[in-house]
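Below: one structure, written as structure tokens.
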Amino acid sequence: AQSVSQHNHHVILSEAASLELGCNYSYGGTVNLFWYVQYPGQHLQLLLKYFSGDPLVKGIKGFEAEFIKSKFSFNLRKPSVQWSDTAEYFCAVNAVGGYQKVTFGTGTKLQVIP
Amino acid sequence: EAGVTQSPTHLIKTRGQQATLRCSPISGHTSVYWYQQALGLGLQFLLWYDEGEERNRGNFPPRFSGRQFPNYSSELNVNALELEDSALYLCASSFRTGNQPQHFGDGTRLSIL
């Protein structure tokens, strides 16, 4: 069965600091990987996704993630965070051919201080 | 384009009662997914419906059930409610074919007193 680990539960950064949120998954086969974001009072939104091809994926709002297959990782990065990036971030994985079940990590709450 | 809509926004029940939550997918999406977001447990997959059939189920007891209607909308039913069922229930939808990301609704907050 697939599983996802997000190591940081709560991250506090000052504006303009760089961000890296860790995500590791466990599954032996081919996976699709996602990062979702939930801004305060809003629904979950897709930030970026990896299906195949270039392991460096660029998403909305300046976010990017790198898929490192050998490390089973899909870390989210942003060079310079803004106050408006304050949100909860969820890493998710689904096994290709795995009946569309998406497994989410427990989420990382990011607080950006002006 | 209208997003995924869920109703009601908030539902208050007591132990032992039954709850029905509703979801309308984005137009054109045939797959509907249900997730439970309980405090401290993150998002957990509950059910996946596609073309009116249950395709996959998470690790939840049988009192969690649902169905998908011909117009692809879906209901989640929770019977014999327990206090630990208090959570935000999220519905998502996607196209069935290929690798399609899921689009989420705002959720129904179910509170058990």
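So you know, we letter chains A, B, ... as the sequences are listed, proteins then strands, and number each from 1. Since the model is a prediction, treat every value here as computed from it, not as a measurement.
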Segment of A:Q45 engaging chain B (4.5 angstrom heavy-atom cut-off): neither
Test item: B:F104 and A:Q38 side chains (from C-beta on) under 4.5 Å apart, heavy atoms: no
Please answer: with hydrophobic residues joined when any side-chain heavy atoms are less than 4.5 Å apart, are A:V11 and A:Y39 in the same cluster? yes
Given side chains that start at C-beta, do those of A:L44 and B:L43 come closer than 4.5 Å, heavy atoms only? yes
With a cut-off of 3.5 Å and sequence neighbours excluded, list every side-chain donor-acceptor pair involving residues 81-92 of chain B.
unit_1: B:E82; atom_1: OE1; unit_2: B:R63; atom_2: NH2; d: 3.4
unit_1: B:D85; atom_1: OD1; unit_2: B:R63; atom_2: NH2; d: 2.9
unit_1: B:D85; atom_1: OD2; unit_2: B:R63; atom_2: NH1; d: 2.7
unit_1: B:D85; atom_1: OD2; unit_2: B:R63; atom_2: NH2; d: 3.2
unit_1: B:D85; atom_1: OD2; unit_2: B:E82; atom_2: N; d: 2.8
unit_1: B:S86; atom_1: OG; unit_2: B:L83; atom_2: O; d: 3.1
unit_1: B:S86; atom_1: OG; unit_2: B:I112; atom_2: N; d: 2.9
unit_1: B:Y89; atom_1: OH; unit_2: B:Q36; atom_2: NE2; d: 2.9
unit_1: B:Y89; atom_1: OH; unit_2: B:D85; atom_2: O; d: 2.7

Below 6.0 angstrom between ring centroids: does that apply to A:F104 and B:Y33? no
Before giving the answer on side chain to side chain contact (heavy atoms under 4.5 Å, CB included), spell out for A:F90 and B:Q37 the whole-Å C-alpha distance, their side-chain angles and the decisive distance to 0.1 Å. CA-CA 12 Å; A:F90 293 89; B:Q37 190 176 21; 3.4 Å; yes
Would a hydrophobic clustering, with Ile, Leu, Val, Met, Phe, Trp and Tyr connected at side-chain separations under 4.5 Å, put B:V4 with B:W34? no
Side chain to side chain contact (heavy atoms under 4.5 Å, CB included) partner of B:P101, the single match among A:N32, A:N94, A:L46, A:L48: A:L46
Report yes or no: do B:F95 and B:Y72 belong to one cluster of Ile/Leu/Val/Met/Phe/Trp/Tyr joined by side chain heavy-atom distances under 4.5 Å? no
Contact class of B:Q44 relative to chain A, heavy atoms under 4.5 angstrom: neither
Connected via hydrophobic side-chain network under 4.5 Å: B:F45 and B:V78: no
Quick check: are there more than 12 heavy atoms from other residues, nucleotides or ligands sitting under 6.0 Å from CZ of B:R15? no
Just wondering, do B:Y35 and A:V102 contact through their side chains at under 4.5 Å, heavy atoms? yes
